[in-house]
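Report on the structure given below.
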Amino acid sequence: MKSLNAVRDLLAERRPRLARIEVPTEATELDDDGRLRIDGETFTLGSDARKVIANRANIPTEFFAHARPKIQKFLFDQLYLDAVRNAIQARKLHHRTGLIVQDGECCVGIVDPRLACLAGDDVLNATLEAKPGDIDEAQLEVPHFSLNGEVRVSIVSQSLATVARVGDIVYAGIDIRHSDSGAFATQIESYLYRKVCSNGMLMKVCRHTDAVPLRLRRAAVHHPDRMLQRIQAMAKSAWGELGAKMEAVRLLADERLDNRAALIRSVGERLRFPKKLINDILQALEEDETGPSGTLWDIVGAISRVGTHSNRLSVATRRFLQELSGDLVAERVERCPTCGRLDLRRGRFLPRR
């Protein structure tokens, strides 16, 4: 695990490396090496920025990403200007574009200049300000942190712990997924961390109340404070729901199940998982560090294990599996901890009690 202070330092160091430059949208060009050329300056293109310019030119993003630079330039030259002029005329695109440039040489994001982009340390601090007062910051640890094209921080508290069974401690906290280059909307979710195997489970927060935004939309560039307020509202909800979700862990660990493999196959088939992925989860079921318990908790552990540790799956698939394992936990939460409504997801995958 990393310390919270170490993560803060890394995010603070990243902030000055990113600069935002506003340029004319129609002035965008590519050179023969596939680099972005605009207003006399040249930048290499990060994957997220490359996807944006491909979308703006109506070029399939995967094809564009893997094409040779000269082919990229040829297609871009043929399609980009007409596409963006039509989009600007239809008011679907602004005539100015914001470039997020890292270290003065790599364009890592292309954004609407009218919208705010928040630094990762601002998002982290806003999330921590929303935590309950009885949670001491000195008790917080970071079991997962990455800066691989996005900011991902999973925070847990030593004071928020439950024992699913002997030797199987689960810590609770918050997960932050944020793009400081504006590639996607910020996500704040409840997070459970199974210490014995380092598995992570993600759980969405309440979606039934107006007090919590359904999606963390970006605010206007001159109102980043509004975006931070939305993040704090969602983080407050996520922190507040942890007690009920930890109780659900104990319920799952007490519920016996005769055929765990059959339930895994049923869930996988309902979600149209490839056979290989279902087999991976079945294998994870047999590799649990604490051995089989014959309960529903085994199912959650197997799915979260693949979502946390698989090296062959995409980041998006792994996150989906972590959210699926969190959904299974949430199915045993009878009422939404924030608004008190019956949880409509109840009985979606697991047997009813």
Side-chain angles (χ1 to χ4, degrees), residues 1-15 119-148 150-178 180 186-205 231-232 234-250 253 288-290 297 300-301 303-310 315 318-319 321-323 325-326 329-330 337:
M1 288 195 186
K2 284 186 177 293
S3 71
L4 186 59
N5 285 336
V7 170
R8 272 204 178 107
D9 290 343
L10 289 169
L11 291 176
E13 290 169 8
R14 179 174 171 80
R15 179 193 283 264
D121 53 343
D122 285 339
V123 175
L124 174 61
N125 290 332
T127 303
L128 293 174
E129 287 173 11
K131 69 177 176 59
D134 59 350
I135 297 179
D136 189 346
E137 193 168 295
Q139 297 175 319
L140 299 179
E141 296 178 307
V142 181
H144 181 88
F145 173 70
S146 66
L147 279 174
N148 186 21
E150 65 183 45
V151 177
R152 170 85 189 274
V153 187
S154 301
I155 309 165
V156 295
S157 172
Q158 297 174 7
S159 63
L160 297 174
T162 188
V163 180
R165 51 185 173 141
V166 177
D168 194 353
I169 300 173
V170 180
Y171 292 131
I174 301 296
D175 182 83
I176 304 166
R177 181 173 179 251
H178 171 69
D180 47 16
T186 304
Q187 295 173 265
I188 306 291
E189 299 184 80
S190 300
Y191 180 77
L192 297 183
Y193 174 73
R194 192 177 174 209
K195 186 177 180 181
V196 70
C197 51
S198 304
N199 290 358
M201 290 152 269
L202 298 169
M203 285 158 287
K204 292 180 173 58
V205 299
I231 288 171
Q232 285 183 322
M234 185 167 279
K236 183 178 180 180
S237 182
W239 284 110
E241 294 178 8
L242 290 175
K245 290 169 179 175
M246 293 173 72
E247 175 61 29
V249 167
R250 291 188 286 270
D288 193 283
E289 282 79 359
T290 57
W297 181 240
V300 175
I303 293 172
S304 66
R305 183 188 187 97
V306 177
T308 304
H309 301 294
S310 176
V315 172
R318 290 173 60 182
R319 188 174 182 88
L321 291 173
Q322 290 184 46
E323 290 180 340
S325 63
V329 174

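Here the structure is a predicted model, which is why all the values come from computation and not from measurement. Numbers for residues simply follow the sequence, beginning at 1.
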### Summary
Heavy-atom closest pair (Leu192 atom, Ala172 atom, distance to 0.1 Å) is CD2-CB, 3.6 Å
Solution key, residues 139-146 side-chain donor-acceptor pairs under 3.5 Å, sequence neighbours excluded:
from	atom 1	to	atom 2	distance (Å)
Gln139	OE1	Ser159	OG	3.3
Glu141	OE2	Gln158	NE2	3.4

### Query
So which heavy atom on Ser325 is nearest to which on Gln322, and how close?
OG-O, 2.7 Å
### Message
Quick check: closest heavy atoms across Asp175 and Arg152, and the distance to 0.1 Å?
### Response
OD1-NE, 2.5 Å
### Query
Has the side chain of Arg165 got a donor or acceptor atom that lies under 3.5 Å from a matching backbone atom of Ala253?
no
### Message
For Gly301 versus Asn199, what's the shortest heavy-atom pair and its separation?
### Response
O-ND2, 3.2 Å
### Query
Side chain of Thr186, backbone of His178: donor and acceptor closer than 3.5 Å?
no
### Message
Testing the basics here: between Leu160 and Trp239, what is the closest heavy-atom pair and its distance to 0.1 Å?
### Response
CD1-CZ3, 4.3 Å
### Query
Taking only residues two or more places apart in sequence, or in another chain, which ones meet Glu129 in a salt bridge (Lys or Arg N to Asp or Glu O under 4.0 Å)?
none
### Task
Answer yes or no: are there more than 12 heavy-atom neighbours, outside Lys236 itself, under 6.0 Å from its atom NZ?
no
### Query
Among all residues two or more places apart in sequence or in another chain, which pass the salt bridge (Lys or Arg N to Asp or Glu O under 4.0 Å) test with Asp180?
Arg14
### Query
Which heavy atom of Val329 sits nearest a heavy atom of Trp297, and at what distance?
CG2-CZ3, 4.5 Å
### Between CG on residue Asp168 and OG1 on residue Thr290, distance to nearest 0.5 Å
5.0 Å
### Arg194 bridged to Glu289 by N-O distance under 4.0 Å
no
